[in-house]
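These notes are about the structure you will find just below.
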Amino acid sequence: MKKIVSAALATLALGLAGFAVAQSFQKPEDAVKYRKATMTVMATHFGTVAAMANGRIPYDAAAATRSADIVATMATLHWAGFTPGTDKGETRAKPEIWSDAAKFKESGDKLAADTARLATAAKTGNLDNLKAAFGPTANNCKSCHDAFRKD
Ligand code: ASC
């Protein structure tokens, strides 16, 4: 219970409670593992959308929709894993995630909005719509990684 409460408070402290689901992690490494796992799933499915947007694989509207929905869901999950004190160990998270929490939250909010638009675009079944929503989302991934992830 104590851990659940502290994870919830940590989430609030980050100011991300609006869209983060508070998780209870047994240990800090578990929070790191969790956020990496959500990023891995996201990258895999964003990769599918990217391949279609870039013409590397044939456009498949159903597969694009499925992947874009997964991307949009993952975009709501990472944040709960950035609990205080988890800038150590097997992580490339920069200290700015915690010292500049407002900017980090802004990036997270933008990602949630961009990926929701990507999912909506995918559902139109139109490749041009998918392409139009893909670019801003990819730029968002990159700018957040540049600011908050070590090389
Ligand atoms: C991905 C992935 C990222 C982003 C980024 C987009 O598939 O793993 O980090 O897209 O490369 O610019």
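Each ligand, and each atom within it, is numbered from 1 in the order the structure gives.
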Going by the angle between their ring planes, with limits at 30° and 60°, are Phe104 and Trp79 parallel, tilted or perpendicular?
perpendicular
Which protein non-hydrogen atom lies closest to atom 6 (C) of ligand 1, naming both residue and atom, and how far is it?
Ala138 O, 3.3 Å
One thing to verify: whether Lys27 and Asp30 come together as a salt bridge, which I'm taking to mean a side-chain N less than 4.0 angstrom from a carboxylate O.
yes
What atoms of ligand 1 come closer than 4.0 angstrom to any heavy atom of His145?
9 (O)
Check each atom of ligand 1 against the heavy atoms of Phe46 and keep those under 4.0 Å away; list them by number with element.
1 (C), 7 (O), 10 (O)
Would you mind listing which atoms of ligand 1 come within a distance below 4.0 Å of any non-hydrogen atom of Lys142?
12 (O)
Before giving the answer on side chain to side chain donor-acceptor pair (under 3.5 Å), spell out for Arg117 and Thr137 the whole-Å C-alpha distance, their side-chain angles and the decisive distance to 0.1 Å.
CA-CA 9 Å; Arg117 264 193 294 275; Thr137 308; over 6 Å; no
Just to confirm my output: which protein heavy-atom neighbour is closest to atom 2 (C) of ligand 1, and how far is it?
Ala43 CB, 4.4 Å
Backbone or side chain, does any N or O of Arg149 fall under 3.5 Å from an N or O of ligand 1?
no
Sub-4.0 Å protein heavy atom near atom 11 (O) of ligand 1
no
Does any N or O atom in Cys141 lie less than 3.5 angstrom from one in ligand 1, N or O only?
no
Under 3.5 Å, side chain of Tyr59 to main-chain N/O of Asn126, donor-acceptor pair present?
yes
To the nearest 0.5 Å, atom CG of Leu127 lies from atom CG of Asp60 at 11.0 Å
Salt bridge check: are Asp69 and Lys123 linked by an N-O gap of less than 4.0 Å?
yes
